Amino acid sequence: MARAISTPKKIMWTALAWGVGLLIFFPILWTFLTSFKTEATAISDPPVWFLFDWTTENYSDVLARSNYPLALMNSIIIAVGSTLLGIVIAVPAAWAMAFVPGKRTKDVLMWMLSTKMLPAVGVLYPLVLIAKYLNVYDSRIMLIVVLMLINLPIIVWMLYTYFREIPGEILEAARMDGASLGKEIIYVLTPMALPGIASTILLNIILAWNEAFWTILLTTVDAAPLTKFIASFSAPEGLFYAKLSAASIMAIAPIIVMGWFSQKQLVRGLTFGAVK
Amino acid sequence: MATQHSRTSARIMVAPAVFVLLVWMLVPLCMTLYFSFADYRPLRATFDAWIGFDNYVSFLTSDSFLSSVGVTLQMVAGILCITIGGGVVLALLLDQPMFGQGIVRILVIAPFFVMPTVSALVWKNMFFNVDNGLFSYLWRFFGAQPYDFLSQAPLFSIIVIVAWQWLPFATLILLTAVQSLSSEQLEAAEMDGAPPLSRFWHIILPHLSRAITVVILIQTIFLLSIFAEIFVTTNGAFGTRTLTYLVYQRVLESQNIGLGSAGGIVAVILANVVAIFLMRIVGKNLDN
Amino acid sequence: MGRITLDRVQKKFGDVEVIPPLDLIIEDGEFVVFVGPSGCGKSTLLRLIAGLEDVSGGEIRIDGRPATDLPPAKRGLAMVFQSYALYPHMSVRKNIAFPLKMAGMAQDEQDRRIAKAATALNLTDYLDRRPGQLSGGQRQRVAIGRAIVREPAAFLFDEPLSNLDAALRVGMRMEISELHKTLATTMIYVTHDQVEAMTMADKIVVLRAGHVEQVGSPLELYKTPRNTFVAGFIGSPKMNLLTGAAAAAHGAATIGIRPEHLDVVDSGGTFTGRVGVAEHLGSDTFFHVHVPEMAEPMTVRAGGEVGLTHGDTIHLTPRAAHIHRFDAQGLRIA
Amino acid sequence: MGRITLDRVQKKFGDVEVIPPLDLIIEDGEFVVFVGPSGCGKSTLLRLIAGLEDVSGGEIRIDGRPATDLPPAKRGLAMVFQSYALYPHMSVRKNIAFPLKMAGMAQDEQDRRIAKAATALNLTDYLDRRPGQLSGGQRQRVAIGRAIVREPAAFLFDEPLSNLDAALRVGMRMEISELHKTLATTMIYVTHDQVEAMTMADKIVVLRAGHVEQVGSPLELYKTPRNTFVAGFIGSPKMNLLTGAAAAAHGAATIGIRPEHLDVVDSGGTFTGRVGVAEHLGSDTFFHVHVPEMAEPMTVRAGGEVGLTHGDTIHLTPRAAHIHRFDAQGLRIA
Amino acid sequence: EEITIATVNNGDMVRMQALSPAWEEQTGNTINWVVLEENVLRQNVTTDISTGGGQYDVMTIGTYEAPIWGANDWLVSLNDGMADDWNADDLLPAIRGGLTVDGTLVAAPFYGESSMVMYRRDLMEAAGLEMPEAPTWQFIREAAAAMTDRDADINGICARGKAGWGENMAFLTAMSNSFGARWFDMDWTAQFDSPEWAETLTFYLEMMAESGPAGAANNGFNENLTLFQQGKCGMWIDATVAASFVTNPEDSTVADQVGFALAPDTGLGKRGNWLWAWSLAIPASSDKQEIAKDFISWATGPGYTTLVAENEGWANVPPGTRQSLYDNAEYLAAAPFAQMTLDSINSADPTAPSVQEVPYTGVQFVAIPEFAGIATQVGQQFSDALAGNMTAEEALAAAQTLTTEEMEAAGY
Ligand SMILES: Nc1ncnc2c1ncn2[C@@H]1O[C@H](COP(=O)(O)OP(=O)(O)OP(=O)(O)O)[C@@H](O)[C@H]1O
Ligand SMILES: Nc1ncnc2c1ncn2[C@@H]1O[C@H](COP(=O)(O)OP(=O)(O)OP(=O)(O)O)[C@@H](O)[C@H]1O
Ligand SMILES: [Mg+2]
Ligand SMILES: [Mg+2]
């Protein structure tokens with residue numbers, strides 16, 4: 001039962017929270033503003049805030065120099081693909097762990113999580129050699145599989161925590177009602193866990209989107225996503241802050257927009273289902 | 001809920017996930033293990049399949065190894081402190097009644113979306129840069145000598161960048177936890193005469209302990225493999241070379257795959273030590 | 001000491017007036033129960049007294065001193081919550097000690113009081129457990145212990161037993177009653193269980209939509225409900241209310257007859273109907289009888305076992321002295 | 001059709017034998033209630049019948065056919081869960097249709113059955129709502145509807161009413177009873193509320209630690225409990241059990257007297273004691289009397305109002321015909 | 001057909017990318033560009049070449065990689081198969097030498113560079129000094145001190161401080177050559193404990209402390225370029241290619257005040273300048289070697305020079321690879337720094353970089369595979385020293401230890 005709160009107090013909290021929120025957001029805002037400046041304004045002293053001649057020149061420069069649409073497309077395909085593949089593998093596993101827990105369920109889960117601690121460089125050469133051997137170097141499918149494997153433990157864990165909140169009685173009811181295991185998962189479990197699954201998907205899309213080791217080293221052109229795109233703007237001769245900003249904004253904008261539109265699910269996802 | 005039939009199905013259902021992760025663990029890891037006993041330096045066209053434990057000996061006895069372990073621990077600990085401390089404060093702040101809570105939350109989450117490379121670049125160039133960085137303007141504005149973050153306080157700078165990215169995560173988990181605290185408990189404490197600070201110490205903080213363990217667990221998993229931020233900002237200079245980065249240097253910069261693989265195996269072992277340690281605590285905390 | 005006076009106390013949430021201006025005096029040492037349907041404002045009223053909500057108007061006085069603007073901790077009241085609201089990370093001992101610690105009480109005095117409360121509440125063996133390791137009843141007792149040690153001017157209970165199962169509820173009910181007898185401290189008790197209200201209260205306050213419908217001792221309310229609302233609310237099973245011709249015959253718009261005031265007769269009788277469900281409890285039998293005078297089945301309580309079952313015809317006569325008459329506004333006709 | 005036979009059915013969880021080998025026959029069309037204290041294995045037994053758990057030994061037959069190894073869906077039983085276990089993402093209609101859809105039934109037959117069930121359960125207006133938009137009682141009805149449409153050989157209920165509040169519980173209890181009368185299908189009903197057991201059952205099975213203590217009709221159990229456990233368990237308030245001299249006087253190790261079988265007399269009387277708590281419900285008064293013969297207070301039920309309060313001395317006489325005698329093993333002496 | 005080219009994201013390469021449609025139209029082939037920041041590029045191509053990944057048909061590499069990779073037979077010989085007008089003999093001998101392994105040319109230079117002093121004539125004048133053609137380190141240090149005016153945000157000297165074998169170590173190794181220091185003696189023993197290295201590093205640190213910009217330890221080429229263009233540096237010793245940027249009035253606020261001089265010396269006979277060429281090479285794993293050769297012929301041939309000149313002006317043509325460019329009057333007129341660049345390149349000798357005898361080739365690097373890894377770590381020590389986190393002695397001692405360790409591990 002929430003207590004009624006006086007307005008002045010509320011205004012004070014509002015001011016404070018907005019202040020802190022803007023402070024945290026500031027680097028992104030600043031990058032955004034800089035991306036519309038000329039290179040000279042970008043490093044002018046003192047810094048200019050909003051009153052400058054807004055130009056989209058940086059964006060057109062960046063677009064002219066690299067194949068942004070392809071990189072964007074690759075990012076989307078890889079992030080979404082790896083996440084969905086992960087979900088398909090993880091749902092049954094999480095079902096089993098959540099509803100038919102055995103003595104070793106916790107250990108298996110922890111073991112899965114510990115595979116995430118494998119330092120990527122440690123297995124770089126083996127993986128490159130395997131990719132070459134299988135002839136999947138610079139292919140989206142390779143990245144989809146690799147990123148799926150990297151994120152699978154997190155997906156399983158998140159789904160597991162969401163599934164555990166679903167009362168087992170409902171699944172038993174479905175079983176009494178004559179649903180087979182597959183139908184039980186498709187018609188009952190999945191729709192019920194949909195918010196949790198959506199959160200899991202969103203969070204893992206972000207993680208996959210931002211993965212910047214494998215996506216750079218296992219791709220050249222065909223499968224190169226935005227992480228590689230940004231690597232071509234990171235330190236050109238001369239400090240091109242404005243161009244760097246424009247490229248940065250282009251790389252992060254899709255995911256930020258997606259995040260904002262799916263705020264509610266995402267917030268849930270960001271808690272990794274670990275806290276109710 | 002536990003008939004023989006369902007137990008059998010359960011085993012079949014976990015199988016794919018366990019299988020792919022096993023393959024993922026084993027195949028590259030076995031190859032790495034194989035390389036770690038080899039003198040494998042492609043740039044010299046050297047491949048000597050068995051040189052015993054030489055790689056391990058030279059990796060473990062070099063000065064850089066111990067210092068990199070120290071750096072890793074400092075970095076992870078620093079980031080955890082900032083994100084958890086800041087996260088608790090922010091969570092409490094966001095839990096207050098206010099206008100536009102949704103928007104503030106959006107603002108606070110945003111850093112989590114930013115690619116590590118991008119955020120490292122932005123911080124390095126637009127904030128930490130001594131000549132053109134915003135901090136320098138700020139310092140000069142207050143009449144101070146601009147401070148060169150990346151060389152004077154490199155570890156701290158990286159910690160700031162990474163903490164900025166992970167603060168949203170900690171905040172959101174803790175916020176959810178704060179919101180799950182029953183208001184009756186707080187009211188009971190209020191009736192019991194506890195002033196706000198005591199309520200925080202005696203009621204809220206203990207309530208958050210579970211959420212804090214989760215934050216520690218998940219962040220540690222991700223933080224142990226921080227790479228892009230170091231690569232972009234200091235390239236491992238000024239005492240910011242973590243274990244992961246050291247392995248990277250061995251493998252990719254020195255092109256000594258054998259030595260690097262040995263380092264990779266060492267890192268895997270250490271990470272799992274940390275993992276087991278964490279899981280123990282967390283496992284216990286998650287059970288109740 | 002614990003005389004609590006509410007003087008035109010009013011509460012609005014935004015534009016919604018949940019409690020219209022209300023006067024109420026609770027005497028020192030009284031056991032007062034607030035009853036009423038869900039959402040009628042019982043909890044709100046209790047929280048106003050506790051200071052957990054600000055009043056929108058009016059004044060609250062505790063022992064004559066104005067308390068309207070005092071923070072909860074300063075009012076000298078203790079509250080027991082429905083969810084117990086124990087601190088899960090503290091041992092029972094620490095839970096009980098918490099208010100004392102906050103008051104900065106000396107350790108030995110704390111120990112003394114805790115020991116006393118633990119003995120009174122049979123908690124001595126559990127002092128070092130965490131709340132999570134206790135049963136529902138024990139938890140409730142810890143919550144009460146936490147309230148007792150402060151030696152408050154009055155105890156406030158908000159549906160303290162509603163999370164317990166039936167058997168435990170009966171036991172705890174009696175424990176709280178005995179506690180009241182021992183401590184002789186004012187207690188305000190919110191419930192929507194009218195058995196609790198009847199058995200525990202010195203004085204019952206029946207609320208409807210924030211209004212006080214009637215204040216009185218349980219038997220007063222049982223015998224002379226002021227209106228049909230109170231009549232229907234107090235007594236279990238519910239009073240049968242009849243309108244139309246049956247009521248007009250008694251010169252009223254509505255008449256009420258309690259199930260225990262209907263006698264089963266062999267033939268004739270005022271009402272004749274068909275037995276719907278017959279519930280045989282051994283000690284009593286309840287018949288739900290379909291009579292033409294009432295839309296719902298009429299409930300009848302017969303002592304012991306009566307050999308009638310589903311579908312039988314039954315003849316009933318009300319005891320004339322126990323017929324309640326109400327006018328068109330639903331008010332009691334004396 | 002729905003005759004269920006349990007033949008030396010046994011259940012172990014790991015090394016713990018929760019149900020020792022147990023025989024039980026449930027006749028077609030019977031309403032059987034399992035009662036017993038918490039943890040005695042009621043739910044486990046029900047789930048064994050449903051097929052949600054594997055038996056560790058013995059055989060279950062439904063209508064003569066062995067069902068021990070059949071999966072739940074094949075046993076032709078329907079279950080109503082304590083938590084309702086509705087599918088929250090489906091409308092009421094879809095919830096009810098789910099088992100039919102799983103059985104691959106034709107759409108028009110589905111519609112027909114749903115309409116019939118909805119009418120029977122008064123759900124027609126809610127068919128397009130989601131479970132979340134329904135009240136507790138309505139949800140319970142949907143759960144029953146989902147069970148009905150399958151036209152099962154038997155219904156299994158696991159404490160279906162324990163999540164409802166007291167008033168609703170009474171209503172739903174009657175609805176389920178009426179349903180049983182209408183459908184005449186076997187029903188197995190688990191509860192720990194003995195009022196439910198008494199009012200609904202054709203046959204009560206009293207369980208303790210997996211053992212069947214007594215099987216019989218409610219009144220049989222009320223009148224001739226086979227041992228002190230059943231005696232104490234059936235009847236509300238609980239039977240007073242006396243040992244020692246008072247029992248020896250009746251040639252028994254223990255005697256039991258129900259509260260309703262003690263009469264308050266002006267003087268003399270078999271028992272004399274001091275009134276502890278007196279609960280005045282209007283219709284009845286319950287006294288908890290401290291008598292030297294019993295450790296706990298003796299419970300007495302007096303009809304109407306009796307002018308005795310806390311601290312008064314009271315004289316009591318049991319009705320001789322209603323004294324239950326038990327031997328040293330707690331077994332009834334005929 | 002399609003070829004994939006990996007290149008670095010600096011100005012000249014980006015320009016090549018922009019002009020490449022000309023080649024595509026001409027030949028009907030298409031190019032997939034992979035333009036990456038230098039470190040990321042190295043990561044990518046090294047992984048690819050050492051695993052035989054075969055992802056690239058043309059790679060952009062430097063004079064450091066070329067001899068090592070060439071020796072492993074990872075690169076396709078460019079001795080034959082190049083276009084007719086692609087005249088190998090026109091290449092500057094120092095550059096060509098650096099890209100030749102056992103008589104086989106393994107990479108074609110796209111642009112070459114050495115290092116030199118760039119200075120502000122106005123500030124020099126204000127300080128009452130005059131820059132000689134070939135200054136000494138001593139002069140540079142004194143001039144820097146005289147020009148420094150920290151209140152006005154003017155630093156006498158800008159030089160690389162950012163850690164990395166291609167960053168501060170390029171500068172310091174070249175500088176150490178002129179102080180008579182060397183990386184290794186003839187037994188491959190590390191020489192950081194030598195007095196020459198002590199002198200080099202001390203001199204560098206003191207000079208930077210007196211007259212260098214704040215945060216010098218993070219400054220690489222890009223940072224210094226910006227500083228210089230903003231008028232914050234009195235002198236800057238760095239790559240000759242910078243000349244065209246600092247004299248470009250569009251980007252530089254001091255374009256008309258820039259003077260050039262040879263890299264400094266100490267009178268021992270070697271100057272502190274380096275030699276570097278970004279070059280295009282074809283990995284042996286490529287299956288489109290013919291087309292790749294055709295592209296390289298186009299991009300590094302004289303035709304490309306003309307193309308750039310037509311489109312962007314002579315000042316922007318890639319410098320430092322061909323004698324013919326320096327014989328071109330139009331170029332000499334447009335590029336005031338041309339002669340200085342040529343002289344600098346010609347004065348560097350990869351085979352005898354130091355005053356003392358050395359077992360290796362390379363001016364600002366040591367052409368052995370281990371070098372990059374070692375030098376980056378040494379660079380980190382020196383960068384740390386520049387940041388004030390340790391003394392010169394400590395840095396050198398650390399460098400000596402780690403180099404010795406690594407060389408032992410490498411089997412020397
Ligand atoms: N913080 C609040 N803001 C707005 N309305 C509220 C608030 N708290 C309570 N109300 C409203 O005030 C009315 C009274 O609520 P209250 O909780 O006092 O009822 P109650 O009698 O305790 O009911 P119950 O028996 O269900 O506990 C309800 O209509 C409720 O919706
Ligand atoms: N899956 C299980 N594993 C181990 N023990 C179990 C399991 N399920 C139940 N038990 C044990 O079996 C016994 C009987 O449990 P059951 O749920 O049948 O009791 P119940 O009579 O339904 O109790 P309640 O009235 O509380 O619902 C209990 O002691 C319980 O702890
Ligand atoms: Mg309430
Ligand atoms: Mg149960």
Side-chain angles (χ1 to χ4, degrees), chain A residues 38-40 42-45 61-68 70-71 120-121 123-139 142 212-225 227-244 247, chain E residues 2-15 17-18 31-41 43-48 50-57 59 153 162 167 219-230 232 239 241-242 244-246 248 250-253 285:
Chain A
T38 60
E39 294 297 348
I43 51 172
S44 69
D45 182 6
D61 280 4
V62 169
L63 280 173
R65 248 184 67 185
S66 45
N67 196 345
Y68 177 73
L70 177 67
V121 265
V123 295
L124 171 66
Y125 265 78
L127 212 65
V128 170
L129 292 174
I130 293 172
K132 213 192 102 191
Y133 177 73
L134 297 176
N135 207 9
V136 287
Y137 208 132
D138 191 31
S139 68
M142 169 85 190
F213 186 80
W214 297 117
T215 49
I216 288 179
L217 282 169
L218 294 179
T219 61
T220 44
V221 181
D222 294 347
T227 41
K228 200 148 190 182
F229 157 85
I230 202 76
S232 78
F233 292 93
S234 47
E237 271 169 12
L239 289 178
F240 294 111
Y241 282 7
K243 232 170 255 109
L244 172 65
Chain E
E2 248 183 33
I3 56 168
T4 303
I5 303 178
T7 191
V8 68
N9 67 339
N10 63 31
D12 287 289
M13 297 305 188
V14 169
R15 188 173 296 128
Q17 185 194 353
I31 303 173
N32 286 320
W33 287 100
V34 179
V35 185
L36 296 169
E37 187 263 327
E38 191 175 330
N39 287 321
V40 182
L41 174 78
Q43 242 181 40
N44 267 255
V45 295
T46 313
T47 312
D48 186 72
S50 60
T51 58
Q55 292 297 302
Y56 302 102
D57 301 302
M59 286 178 174
D153 213 0
K162 182 183 185 175
E167 293 281 4
N219 290 352
F221 178 85
N222 293 329
E223 290 79 4
N224 282 324
L225 172 61
T226 313
L227 284 177
F228 196 88
Q229 286 178 334
Q230 289 174 339
K232 293 180 181 172
V241 284
S244 69
F245 301 128
V246 294
N248 179 352
E250 269 179 42
D251 296 327
S252 175
T253 57
S285 53

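Labels below follow one simple rule: chain letters A, B, ... track the order of the sequence lines, proteins then strands, and each chain is numbered from 1. For clarity, every value in this text was computed on a predicted model and none was experimentally measured.
Of all non-hydrogen atoms in A:Tyr125 and E:Thr47, the two that sit nearest each other are OH-CA, 4.0 Å. In terms of heavy-atom proximity, E:Tyr56 sits nearest to A:Thr219 at OH-O, 4.2 Å.
Here CG of A:Leu218 is found 9.5 Å from CG of E:Asn44. Values are rounded to the nearest 0.5 Å. Summarising the geometry, atom CG belonging to E:Asn32 is positioned 6.5 Å from atom CG belonging to A:Asp222; distances are rounded to the nearest 0.5 Å. Distance check, rounded to the nearest 0.5 Å: CD1 of E:Ile5 to OG1 of A:Thr220 gives 12.5 Å.
Ranked by heavy-atom pairs under 4.5 Å with chain A, the first of E:Thr51, E:Leu41, E:Asn224 is E:Thr51. Ranking E:Thr4, E:Val14, E:Val40 against chain A, the residue ahead of the rest is E:Val14, based on heavy-atom pairs under 4.5 Å.
Contact of the E:Glu2 side chain with the A:Val221 side chain is not registered, since no non-hydrogen atoms from C-beta on lie closer than 4.5 Å.
For E:Thr253, no part sits under 4.5 Å from any heavy atom of chain A, backbone or side chain. In this structure, the portion of E:Gln17 lying under 4.5 Å from any heavy atom of chain A is its side chain and not its backbone. Only the side chain of A:Leu129 comes within less than 4.5 Å of a heavy atom of chain E; its backbone N, CA, C and O stay farther away.
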